[in-house]
*Asks:* 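A single structure is presented below for examination.
None of the values given here were measured: they were computed from a predicted structure. Below, read A as the first sequence line, B as the second, and so on, with proteins coming before strands; counting in each chain starts at 1.
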Amino acid sequence: MSVSEKDFLQEVADSDYEYGFVTEIDADTAPKGLSEDTVRLIASKRDEPAWLVEWRLKALRHWEAMRDDEAYPQWAHLHYPEIDFQDISYYSAPNSKPKYESLDEVDPELLRTFDRLGIPLQEQKVLAGVAVDVVMDSVSVATTFKDELAKHGIIFCSFGEAIEQHPELVKKYIGSVVPSTDNFYAALNSAVFSDGSFCYIPPGVRCPMELSTYFRINQAGTGQFERTLIIADENSYVSYLEGCTAPRRDEHQLHAAVVEIIAMEGAEVKYSTIQNWYPGSLDGRGGVYNFVTKRGICNGRGAKISWTQLETGSAITWKYPSVILKGDDSVGEFYSVAFTKGKQQADTGTKMIHLGHNTSSTIISKGISAGESNNSYRGLVKINPKARNARNFSQCDSLLLGDRCGAHTFPYIEVQNSSSQVEHEATTSKVGEDQIFYCNQRGIGEAEAIKLIVNGFCKEILAELPMEFAVEAQKLLAIELEGSVG
Amino acid sequence: MSQITDRFVTAFKLHDGTHLNGSNERLRELRRSAIESFGKLGLPGRKSEAWKYTPISRYVRDDFAIDLAGRGAADSDVVDVNSLRIPGMDGPLLVLVDGVFSSELSRTDGLPEGVVAGSLRSALAEQPEIAESYLASYNDIESQPFEALNTAFIQDGAFISVADRTDVAEPLEILMLTSAEAPRFLQPRILIQAGENAGVQVVEHQRSLGNAACFNNSLCEIYAARHARVSHIRLQDEGPNAYHVSTTRIRQDGESDVSTFTATLGGRLIRNNLSFLPDGEHCTSHLNGVFVGTGDRHIDNHTFVDHAWPNCESNELYKGILDDKSIGVFNGKVFVRRDAQKTNAYQSNNSVVLSESAKMFAKPELEIYADDVKCSHGATTGQLDEEAVFYLRSRGIDAKSARTMMLNAFAGEALDLISVVPVREHVEALLERELVKL
């Protein structure tokens, strides 16, 4: 490796988190610790109905039992100190509570934060046509384009509002894809989830715009426990964007979200994520612990769920967006780019559970490791005995930048009938010296060449993102790579 | 401690110093630490990741006798050994009957100078330095219960040692026979050591004589010195009531070339643990195999290559055919350590599932900590290409022959890697035998 390439990789590995700043907004924070009282406090803050409080308490009891058995998920290729769940505050809401009709009423400090993040909240309305349900910590403070969506009968609101206004839908579908007892972190989320987004697309409606939510952890010492529920009724279509950046913090912040998607017959849901939470300092201090349960179910014939993610942040990423292919002819897709540097650790992948006939799934995962990071793909493709003519294709490629990092692949392939076809392939390599040489020959410097090659490596995935997001994703990846190289 | 674990520990205490001889100080130490470790580990439970698809404790039954006095070679002379051998193999032969070496049945004359082939028990007694420098020197008795168990109960087995610069032209056949007529738990052991620039081919042929449900926990260790060339072929052709956990541990010095082939065409439950440690630069390792499942056969192949040194190469190809209610498991792990730059590792596993009730579980793993490497793996599970079958049928070949032809071609890619011709032909014949059942 030439000196300049080494320097470049060093700089990449050392580059600071660009979005590390704290917005000072008065917040209403619950005392640290988790007990039945905490759950009741969260529920009472939101005036929740009794059935939901019961549901939360049931999840809490399950979680407590798992905690007492020390049944933490330990199978992942991740190393981190034990989390003290009693040292975390489980609720925090910005104080400027009233819901705004116009942006003028929004806390200017908050707006400035979004400006610095490069989210043109106001321009977006006009230019991008994106409705943004901004989650600042745990309570939605601005929801736009609601009227436009309402015309089509689309419900897009905060989870809290959905509980108030559409309790029948929430009650029917909450926990139907990710039960409250599904796993340790899903149980935790079910007990203490504070807010999130809710989306319902009526039958036959094609959502006229990309729905988008920016999540942002902002309160020191509070975990965020969002819950997202998307229901796409028969023959509807929706593209949903989720993106996040989090400010610099020295203590670990726990994030345990749950996302549930229900796609009915003929419906299609496209869920895109850019995850750029604070990854911790170079020596591995701080950073977000991201334990996420994301799962969708194709509930009817010909339904389709597609997950696309760009994961560049978090100290720990534990995330497996999955699809249950229950309906015949349903389709599941998973496209992922995971970039880790410094001391980041990512263990991410997907589960494709084939139940219906003629179901098909595609998995394309690209992992890039730099610095001293570890990047793992972990996936399951399960073909049930009754899933006749199921089809899966998986491809997992890893790129290593530097000689102190690790790239791992742990695929599980379970085939239980004779009419299905499953293919899996994985490769691991570094940026080829011949590739760099080729660029050099044409007057492209080392740094630019590596950017070019990495971009090419990920192109397949980034192309899956909606346009506005793809631009941001490319920018983010360039920043991650670039460091201070000008 | 579970009841089964307890039985083994009790049996050990009962026989320590008698049937489990203590003539060799190092062996005595080894046994004691192994049984202690086994006592702690117990048999793998349902939550053990390495045994996820093979619930082994369900198969280690209470009625397996742990009979260490066993039957010796004396009453095994009734066996017509030649009919049990691989046709066309008429070279040196080592016979193990229920884990005990039979000098009467074995034929080791005509071996070149510098080659020792015979009983492991005698070798350990006569050449204690073997125990000192090789026995269990690349074992994992701390975390692998079956390795710990075998090591604790080392009694006898086969021993092959090839001196430096010695080439053994004829392949050696080890016939591992299970003759017991009542359920028994047996633990044969094989130790193969090849010196610098030595070359040797060993065929380990596992067969059962009776129909009793017997459990074999066999362990084979191979040590290859610099520039050595070792080929190990395991042919598993046991009866429908045979349970076998077969562990192979291989340590290679620099520039050596070791290849293994595992053909599983018999047995009820077969689990193969194969570990390679290329312990020097420029090693080449080959891990190949075929497995055919019919009836309710359960075949589990776990392979592990521990690339710790730069400039090594490993190649792996496993092909499986599964029919009826059989279950196939493949778990291949390639581990590349920080300093193992320029590693070139390739792994491939292809399986054909022919029946609605057969199952295949594959888990090809890569764990890589060095950047200048070329590592890839591929795994496919599918069925026969019906269009190709149709093509054959349209030319007047009946459906069954067409399918057999296709399956032969499918397995052929792996079978071509068997270097000993009579063995390859015999495996092909066994494949035909199994395919007729389909």
*Asks:* Shorter than 4.5 Å, heavy atoms on both sides: which option in A:Thr427, A:Asn417, A:Val381 has the most such pairs with chain B?
*Replies:*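 Result: the option with the highest number of such pairs is A:Asn417.
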*Asks:* Less than 4.5 Å to any heavy atom of chain A: does that hold for the side chain of B:Ala379, its backbone, both, or neither?
*Replies:*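 Both the backbone and the side chain of B:Ala379 come within 4.5 Å of chain A.
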*Asks:* Any donor-acceptor pair under 3.5 Å linking the side-chain atoms of B:Glu316 with those of B:Thr303?
*Replies:*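 A pair is found: one side chain offers a donor N or O, the other an acceptor, under 3.5 Å apart.
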*Asks:* Where does A:Ser420 contact chain B at under 4.5 Å (heavy atoms): side chain, backbone, both or neither?
*Replies:*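 Contact with chain B involves the backbone of A:Ser420 alone.
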*Asks:* Nearest 0.5 Å, please: how far is OG in B:Ser143 from NZ in B:Lys40?
*Replies:*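 Those atoms lie 12.5 Å apart.
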*Asks:* In terms of the angle between their ring planes, are B:Tyr53 and B:Phe361 parallel, tilted or perpendicular, with boundaries placed at 30° and 60°?
*Replies:*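 Ring orientation of B:Tyr53 relative to B:Phe361: parallel.
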*Asks:* How would you list, in number order, the residues of residues 406-416 of chain A that have a heavy atom less than 4.5 Å from chain B?
*Replies:*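 Heavy-atom contacts from residues 406-416 of chain A to chain B are A:Gly406, A:Ala407, A:His408, A:Thr409, A:Phe410, A:Pro411, A:Tyr412, A:Ile413, A:Glu414, A:Val415, A:Gln416.
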*Asks:* What class does the angle between the rings of A:Tyr185 and A:Phe291 fall in, given that below 30° is parallel, 30 to 60° is tilted and above 60° is perpendicular?
*Replies:*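 Parallel, since the angle between the ring planes stays under 30°.
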*Asks:* Non-hydrogen atoms of chain A under 4.5 Å away: do they reach the side chain of B:Glu49, the backbone, both or neither?
*Replies:*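 Contact with chain A is through the side chain of B:Glu49 alone.
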*Asks:* side-chain hydrogen bond (donor to acceptor under 3.5 Å, both in side chains) for B:Asp323 and B:Thr294? Distances and angles first, verdict last.
*Replies:* CA-CA 5 Å; B:Asp323 196 29; B:Thr294 53; over 6 Å; no
*Asks:* Examine B:Arg271 relative to B:Trp51 and say whether NZ or CZ is less than 6.0 Å from the centre of the six-membered ring and inside a 45° cone about the ring axis.
*Replies:*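 Cation-pi check for B:Arg271 and B:Trp51: passes.
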*Asks:* Is any side-chain heavy atom of A:Pro73 closer than 4.5 Å to a side-chain heavy atom of A:Trp318?
*Replies:*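 They are in contact (side-chain heavy atoms under 4.5 Å apart), so the answer is yes.
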*Asks:* Look at A:Glu372 together with A:Arg404 and state whether they make a salt bridge at an N to O cut-off of under 4.0 Å.
*Replies:*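 So A:Glu372 does not pair with A:Arg404 through a salt bridge.
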*Asks:* Residues two or more places apart in sequence or in another chain: which of them pass ring-ring contact (aromatic ring centres under 6.0 Å, His included) with A:Phe457?
*Replies:*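 Residues passing ring-ring contact (aromatic ring centres under 6.0 Å, His included) with A:Phe457: none at all.
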*Asks:* Is there side-chain contact between A:Asn392 and A:Gln421, with at least one heavy-atom pair below 4.5 Å?
*Replies:*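 No, every pair of side-chain atoms sits at 4.5 Å or beyond.
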*Asks:* Find the one option among A:Ser398, A:Ser376, A:Ser419, A:Ser394 whose heavy-atom pairs under 4.5 Å with chain B are most numerous.
*Replies:*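 When all of A:Ser398, A:Ser376, A:Ser419, A:Ser394 are compared, A:Ser419 has the most.
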*Asks:* Among B:Val353, B:Thr381, B:Thr380, B:Val352, which has the most heavy-atom pairs under 4.5 Å with chain A?
*Replies:*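 Going by pairs under 4.5 Å, I would pick B:Thr381.
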*Asks:* May I ask you to name which of B:Glu365, B:Arg338, B:Gln341, B:Lys374 has the most heavy-atom pairs under 4.5 Å with chain A?
*Replies:*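 Ranked by heavy-atom pairs under 4.5 Å with chain A, first place is B:Arg338.
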*Asks:* What part of A:Asp397 gets closer than 4.5 Å to chain B, counting heavy atoms only: side chain, backbone, both or neither?
*Replies:*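 No part of A:Asp397 comes within 4.5 Å of chain B.
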